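Here is the structure we will look at, set down as structure tokens.
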2 protein chains.
Amino acid sequence: MNKPTVHDIAKEAGVSLATVDRVLNARPGVREKTIAKVQGAVERLGYVRDTYAANLARQRLYHFTFVLPEGPSQFTDTLKAALKEATSSQIADRIVLKVVTVPLHDPHAIVRTLRSLNAARLDGVAIMVPETPQVRDAVARLKDAGVKVVALVSDLPNSARDYFIGINSIAAGRTAGLLMGRLIPREGEVLVVTNSMRSRDSLDRRLGFDQVISNDFPRLKALPSIESYDDAERMEKITREVIMSRPDIVGVYSMGAGNMPLLSALRKSERLAELVVISHELTPATRQALMDNEIAAVIAQNVGHLVRSAMRILRTLSDDLPIFEAQERIRIDIIVRENLP
Amino acid sequence: MNKPTVHDIAKEAGVSLATVDRVLNARPGVREKTIAKVQGAVERLGYVRDTYAANLARQRLYHFTFVLPEGPSQFTDTLKAALKEATSSQIADRIVLKVVTVPLHDPHAIVRTLRSLNAARLDGVAIMVPETPQVRDAVARLKDAGVKVVALVSDLPNSARDYFIGINSIAAGRTAGLLMGRLIPREGEVLVVTNSMRSRDSLDRRLGFDQVISNDFPRLKALPSIESYDDAERMEKITREVIMSRPDIVGVYSMGAGNMPLLSALRKSERLAELVVISHELTPATRQALMDNEIAAVIAQNVGHLVRSAMRILRTLSDDLPIFEAQERIRIDIIVRENLP
DNA sequence: CTATAAATGAGGAACGTACCTCTTGTCTAC
DNA sequence: GTAGACAAGAGGTACGTTCCTCATTTATAG
């Protein structure tokens with residue numbers, strides 16, 4: 001009735017413990033026929049390796065590296081904080097964690113960093129950078145070297161990454177669109193702002209947003225995206241100008257980072273109270289704006305879950321174990337003033 | 001640099017391994033002074049017991065029992081499904097799980113069941129029942145017998161339970177109130193329905209809902225709660241009558257289970273399209289209603305997270321380890337058509 | 001100061017797995 | 001028929017912890 005051990009497998013298969021070990025750990029020097037015998041026993045008894053005992057025996061350490069954007073961003077700051085917090089918990093057990101940051105605007109530097117990772121002493125990498133052909137190459141190279149790769153927050157769909165941990169941007173955009181439509185009962189224009197439409201996330205969010213607006217809420221007109229290019233002043237200036245010149249604007253959808261200059265511009269315009277503002281990611285700025293009723297809703301992903309999931313998945317991949325999908329699915333959180341975590 | 005082991009503690013404290021073991025496992029026969037020496041070494045080296053190695057050595061099994069409501073309820077069905085799913089994952093490692101169901105309407109049967117639990121061979125219990133003085137007593141009795149007790153979904157705030165796993169009902173009600181107010185731009189009445197206002201959860205949700213409605217949306221008038229007493233026919237009949245007789249109703253807040261008869265009544269009234277309906281818990285019925293635009297939003301708690309959290313917390317409590325709060329906090333999920341999980 | 005109890009030390013086996021060495025068995029080729 | 005290669009067995013040690021026994025030291029009481 002108890003969980004079968006390697007000894008049970010040996011008995012069941014009629015071979016020695018050493019042979020079972022050779023088969024289970026894919027060591028050479030075992031005939032096909034014998035391998036089949038052992039695997040048969042494994043399946044018949046429903047053997048699952050006790051990972052903890054195995055890790056104890058082999059003194060296993062998991063070497064993981066997180067590649068995150070550098071520079072000031074409230075979102076990546078909260079992500080890093082969550083990572084640090086997780087490090088001191090049970091989840092980080094046997095994990096040796098390294099965090100490196102890369103400048104997002106410099107594709108060469110990103111690739112240089114990815115290439116500089118020592119694949120030989122690395123079990124897994126979690127990457128949060130925009131997808132480029134060079135990044136795809138670097139991912140393939142890591143994979144070839146036996147390193148597990150997961151994309152974090154921003155997917156690398158055309159790369160060889162093993163897993164994506166984050167929310168579907170199209171669905172996130174659709175959620176924003178639905179909320180915007182439901183929260184604005186009249187006609188009008190919706191301002192859409194982002195850092196840069198060259199990022200895939202922004203494109204997808206915009207896509208999802210437009211799908212729902214045009215299909216379910218034709219009374220609303222989503223304006224062309226305004227891009228800030230990470231320039232706070234530019235963002236504030238342009239936003240103010242557009243808001244001033246277009247009295248029909250009834251809502252604002254902020255797809256990316258940079259909510260602080262946006263809010264600052266909206267405040268100065270003195271039209272904030274009558275606008276429905278929806279933004280992404282829960283940061284100190286958006287949290288405060290929610291509490292002040294300046295932002296109606298925030299579309300977010302739980303960063304704590306994000307980093308814990310990344311660690312668990314990298315570990316699971318490293319052990320060639322099946323992933324428990326239900327636990328790892330990152331949900332699209334809708335946060336309003338009253339359900340702030 | 002490596003994690004210290006019991007051997008390191010023995011060396012540091014200048015005692016033998018056996019003594020370290022006696023101290024760490026609170027076995028008798030050690031002088032106060034020696035205990036202090038060992039504990040000093042533990043703190044200086046920052047020793048943390050390797051729980052996996054310990055469990056391996058002592059062949060530890062965690063015996064947990066979940067006490068859940070019996071009878072047909074889509075919510076408890078999904079909860080049980082999540083429990084079953086979790087059982088076959090890593091999380092349930094070394095856990096021997098038992099599920100017993102109790103009739104919620106029969107306080108005596110509940111207490112009888114709680115008393116019948118064999119505290120001697122039980123490490124922890126997760127309980128989902130309404131709080132009564134008898135339940136409080138039963139919890140205290142379990143605690144006295146050394147069993148860890150957590151309240152699930154529905155808190156037992158005045159009992160000796162170690163932990164509550166679920167969402168704050170007042171905050172959930174406030175969230176519903178805020179959404180209702182934001183989604184209804186005009187004046188009108190809001191119908192509030194529930195199973196029974198004798199349940200603490202319903203009272204608290206109502207309380208939170210009324211707080212926000214009266215404070216932020218005085219244009220809305222929340223009607224007195226309609227109770228179904230778990231009687232589907234009654235629910236459907238009364239709802240239909242009220243809806244028919246009160247043309248000013250613009251929204252419906254469903255605080256408890258029994259969304260199927262409610263929806264059925266609303267459909268028959270043919271006013272569903274113009275009503276803003278907000279309900280609790282994601283079940284097959286509410287999921288379908290969300291997709292059909294019949295329900296505007298569902299306030300939910302992630303049942304998968306709920307049961308995984310319960311298992312982790314019971315295990316952590318059994319090991320007298322600190323709980324990683326950030327991971328265990330159950331969030332108030334707002335679910336709309338586009339962010340359905 | 002001794003008898004006794006209490007506290008501590010020393011060592012080993014076990015948990016399930018990994019990994020090592022050494023030996024024995026079996027097959028193939030010439 | 002035997003060398004050589006390959007396959008399999010047998011047995012041990014280790015990981016960090018628990019738990020056991022037995023011996024030894026130390027404190028306490030009479």
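All figures in this text were calculated on a predicted structure; none of them were measured in a lab. What's counted below: heavy atoms across the whole structure, side chains too, no hydrogens, waters or symmetry copies. Protein chains get the first letters and strands the later ones, always in sequence-line order, with residue 1 at the start of each.
- Among the heavy atoms of the strands lying under 4.0 Å from Arg49(A) are primed sugar atoms or P, OP1, OP2 only; no base atom is included.
- The distance from atom CG of Leu56(A) to atom P of dC19(C) is 13 Å, rounded to the nearest whole Å.
- Geometrically, Arg49(B) does not engage Tyr47(B) in a cation-pi contact, judged by NZ or CZ lying under 6.0 Å from the ring centre and within 45° of the ring axis.
- The interatomic distance linking His7(B) (NE2) with dC15(D) (C1') rounds to 10 Å, in whole Å.
- A donor-acceptor distance shorter than 3.5 angstrom exists from the side chain of Arg315(A) to the backbone of Asp93(A), with no hydrogens or angles considered.
- Contacts of residues 10-20 of chain B with DNA chain D (heavy atom under 4.0 Å): none.
- One N or O donor and one acceptor, one from the side chain of Arg22(A) and one from the base of dG9(D), sit under 3.5 Å apart.
- Residue contacts shown for Asp50(A) are limited to sugar-phosphate atoms, with no base heavy atom under 4.0 Å away.
- Within the 4.0 Å cut-off from OP1 or OP2 of dG16(C), at least one side-chain nitrogen or oxygen of Gln59(B) is found.
- Around the NZ atom of Lys11(B), the shell of radius 6.0 Å holds no more than 12 heavy atoms that belong to other residues, nucleotides or ligands.
- Atom CG in Asp21(B) sits roughly 13 Å away from atom C1' in dA10(C) (whole-Å rounding).
- Residue Asn55(A) is out of contact with every strand shown, counting any heavy-atom pair closer than 4.0 Å.
- Taking every heavy atom of both residues into account, Val149(B) and Lys143(B) meet most closely at CG2-CD, 4.1 Å.
- Going from atom CZ of Arg27(B) over to atom C1' of dC20(D) covers 9 Å, rounded to whole Å.
- Neither OP1 nor OP2 of dT18(D) sits under 4.0 Å from any side-chain N or O of Tyr52(B).
- Residue Ala53(B) places its side chain closer to dG16(D) than to any other of dC19(D), dC15(D), dG16(D).
- Interatomic distance, CG of Leu45(A) versus OG1 of Thr5(A), reported as 9.5 Å (0.5 Å rounding).
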**Request:** Run the numbers on Phe75(A) and Val303(A) for side chain to side chain contact (heavy atoms under 4.5 Å, CB included), then give the verdict.
**Result:** CA-CA 9 Å; Phe75(A) 177 66; Val303(A) 289; 3.6 Å; yes
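- Between the P atom of dG16(C) and the CG atom of Asp319(A) lies a distance of 19 Å, rounded to the nearest Å.
- Arg94(B) places its CZ atom 12 Å from the P atom of dC15(C), with the value rounded to the nearest Å.
- Atom CZ of Arg141(A) sits in a sparse spot, with 12 or fewer heavy atoms from other residues, nucleotides or ligands closer than 6.0 Å.
- Computed from coordinates, the Arg58(A) CZ to dC20(C) P distance equals 12 Å when rounded to whole Å.
- In this structure, the NZ atom of Lys3(B) is 10 Å from the P atom of dG16(D), given to the nearest Å.
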